[in-house]
Amino acid sequence: MRKIAVLYAGSSHQYRSFTEPKYQPYIAQLLYLPKLASIDLNAFDVLIVPSQIHQEMVTMHMEQIHAFLNSGRIVVALGAQHQSWFEGHHWEFRPTNFWWWREPEAKSGLVLSKPEHDLFRYITLEDATWHYHGVFFPRHEVESLIEIENDGSIMYIDKTSTSGTLVLTTLDPEYHFGSYFMPATERFLDGFLPWLANGQI
Amino acid sequence: MSVHTAADFLLLDSGASFSEQIVRDGASDPSTLVLDQYEFATYDLLGAAHRFLIIDEFIDQELMLEQKEKIEAFLNQGNILVFSGHLFRPWIPGAAPFVPKTIYNHLDYTIQVLDHSIFAGVQSEDITYNKGVAGFFARGHHPIPEGAEVILRLAGDEPITYIDRLSTQGTILVHAGRNLLRYRHENNSAGRIGEQLRRFLYEEYDAMPIRSVRI
């Protein structure tokens, strides 16, 4: 089982999501962001960068995060952040449509681009379906897992741009679960965290 | 660091991307000083002559807990704290941790607008629903301190928003949702909240009894 650490900046949604008892077995440690420089990341296999975190403080620690990644480990970045922390994702903003399911012939637009991937033994497309805040057009060779029809990827794995593994998504499940909003995000985390801990990445 | 400023509002910037709009609004408002949350510990809050401390849902509550005494001293100078979010650390005098509401039906999210100047003319449906979807505004509450005035409730009477004038010599407004000052861009009655809240804060500040003692 991989040891997963999470960047933590004291926000209520991060606290709720990553101290939730059912997710506890998968979270080895919350790493308090302002103190990150004094923490040895070598003790961990996976580092999660949550959405809605103090962006500038993350930027200040990018060298340390990239050193972790380049030592062959896994970095997971979640949610609505267009920062250039990880090279080549080529994020494009998309306006959030959170009401798509109320429209006639409702369609989220999400499709599984690699349904045979191990992640989908843990979650279904429905579990990843609420809304998204942007799309990626990655410039490296990546495994795109979830895409928007006739548009970019919203979740992919990149094993080529660094010596480690990047899992990037424009989905923000921990923000919504931690804010008590949007039930699909709980089903997503129910599968996603066990996959990060035990699945084939 | 000692800064004297004329800005009445001090807005703490939590640095999250979803706070960027309120930070932009604050930066373009001459009555607001935006301060990064991680500069707050070294900031001379008690000497800076702000009247209103504005803190939103993404704030680092571990940091706020470390700064608890400074915030209480600011309130005891006869100032006002507005916190919008879900409390999980005890850094606001008199306040209790957020209690999420169990939702069975979208009607459970219906907001009851009580008679208060901040919400004058605000229609319940304009804050309960966004493009027909309920739940954005509030999904739980903070149990109120004794003597607090409740100004919004959920369908089951849970107090979403309260004003506490007793726990300190200042005034504390706690709202279990997103920053109330950001409700100014909506093209319905929800857009009244931001400006009406600002007006209320000035009236509340002027009416506070401590100031007559101080002068």
Side-chain angles (χ1 to χ4, degrees), chain A residues 7-20 30-36 49-61 77-83 85 91 93 95-103 106 130-131 133-134 170 172 175-183 186, chain B residues 12-21 23 36-42 55-67 83-89 91-92 97-104 106 108-109 129-142 154 158 176-178:
Chain A
L7 295 186
Y8 168 64
S11 299
S12 60
H13 67 280
Q14 293 161 2
Y15 184 81
R16 195 250 165 156
S17 288
F18 297 114
T19 63
E20 157 63 38
L30 298 185
L31 310 179
Y32 187 49
L33 183 59
K35 304 262 169 70
L36 188 63
V49 181
S51 58
Q52 303 316 318
I53 193 162
H54 192 285
Q55 299 173 90
E56 208 174 301
M57 188 69 86
V58 175
T59 304
M60 279 168 55
H61 291 92
L78 302 173
Q81 41 211 358
H82 44 79
Q83 299 284 336
W85 293 331
W91 160 293
F93 173 78
T96 307
N97 180 344
F98 53 82
W99 64 92
W100 60 268
W101 47 274
R102 300 189 72 253
E103 291 177 340
W130 55 98
H131 59 246
H133 297 276
T170 68
D172 52 357
Y175 167 57
H176 287 288
F177 175 73
S179 307
Y180 302 89
F181 203 22
M182 308 219 180
E186 180 169 4
Chain B
L12 287 193
D13 178 6
S14 57
S17 70
F18 284 174
S19 292
E20 286 171 357
Q21 180 63 53
V23 166
D36 188 283
Q37 62 179 355
Y38 292 121
E39 291 176 23
F40 187 60
T42 55
I55 296 183
D56 79 13
E57 64 175 319
F58 300 109
I59 200 73
D60 182 341
Q61 295 194 34
E62 307 294 350
L63 175 78
M64 290 298 102
L65 186 59
E66 285 172 14
Q67 299 302 313
F83 170 67
S84 308
H86 297 173
L87 266 185
F88 70 95
R89 292 286 187 235
W91 56 273
I92 297 182
F98 176 75
V99 179
K101 178 167 174 137
T102 302
I103 301 297
Y104 299 101
H106 69 95
D108 295 334
Y109 286 125
Y129 294 97
N130 187 354
K131 304 262 188 198
V133 181
F136 284 89
F137 196 77
R139 299 174 292 281
H141 76 285
H142 299 96
L154 274 169
E158 300 90 341
R178 297 198 69 184

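Atoms considered below: every heavy atom in the structure, side chains included; atoms not considered: hydrogens, waters and symmetry mates. Lettering of chains follows the sequences in order, A, B, ..., and the numbering in each one begins at 1.
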Open item on the list: Has A/Gln52 got a side-chain atom pairing as donor or acceptor with B/Phe18's backbone, closer than 3.5 angstrom?
Closed with: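 Side chain of A/Gln52 to backbone of B/Phe18: a pair is present.
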Task: B/Glu62 CD to A/Gln14 CD distance, which is reported to the nearest 0.5 Å - done: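 Answer for the CD-CD pair, B/Glu62 versus A/Gln14, is 10.0 Å.
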TODO: Would you mind telling me which of B/Gly140, B/Gly85, B/Pro100 has the largest number of heavy-atom pairs within less than 4.5 Å of chain A?
DONE: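 With the most close heavy-atom pairs to chain A, the winner is B/Pro100.
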Contacting region of [X] [heavy-atom separation from chain A under 4.5 Å]:
X        : value
B/Ile59  : backbone
B/Phe88  : side chain
B/Asn130 : both
B/Ala176 : neither

Task: Winner by heavy-atom pair count (cut-off under 4.5 Å) against chain B, out of A/Arg16, A/Met57, A/Met182 - done: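 So the answer, after comparing A/Arg16, A/Met57, A/Met182, is A/Met57.
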Open item on the list: Just so I know, are the side chains of A/Tyr180 and B/Ile103 near enough to count as touching, which here means a heavy-atom distance under 4.5 Å?
Closed with: no
Open item on the list: Quick one, A/His13 with B/Phe58, criterion ring pair (Phe, Tyr, Trp, His ring centres under 6.0 Å). Give me CA distance, side-chain angles, the key distance, then yes/no.
Closed with: CA-CA 8 Å; A/His13 67 280; B/Phe58 300 109; 5.7 Å; yes
Open item on the list: Testing the 3.5 Å rule here: is there a donor-acceptor pair between the side chains of A/Glu56 and B/Tyr38?
Closed with: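 Their side chains do not contain a donor-acceptor pair, so the 3.5 Å distance test is not met.
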Task: Sole candidate of B/His86, B/Arg89, B/Gln61 that passes side chain to side chain contact (heavy atoms under 4.5 Å, CB included) when paired with A/Tyr15 - done: B/Arg89
Task: Candidates B/Ser19, B/Ser17, B/Ser14 - the one meeting side chain to side chain contact (heavy atoms under 4.5 Å, CB included) with A/Gln55 - done: B/Ser17
- [ ] Using the six-membered ring wherever Trp is involved, compare the ring planes of B/Phe136 and A/Phe181 and label them parallel, tilted or perpendicular (cut-offs 30° and 60°).
- [x]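 Judged by the thresholds at 30° and 60°, the geometry between B/Phe136 and A/Phe181 is perpendicular.
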Task: Smallest separation among heavy atoms of B/Asp60 and A/Pro34, with atom names - done: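 Answer, listing the atom of B/Asp60 first, then A/Pro34: OD2-CG, 4.3 Å.
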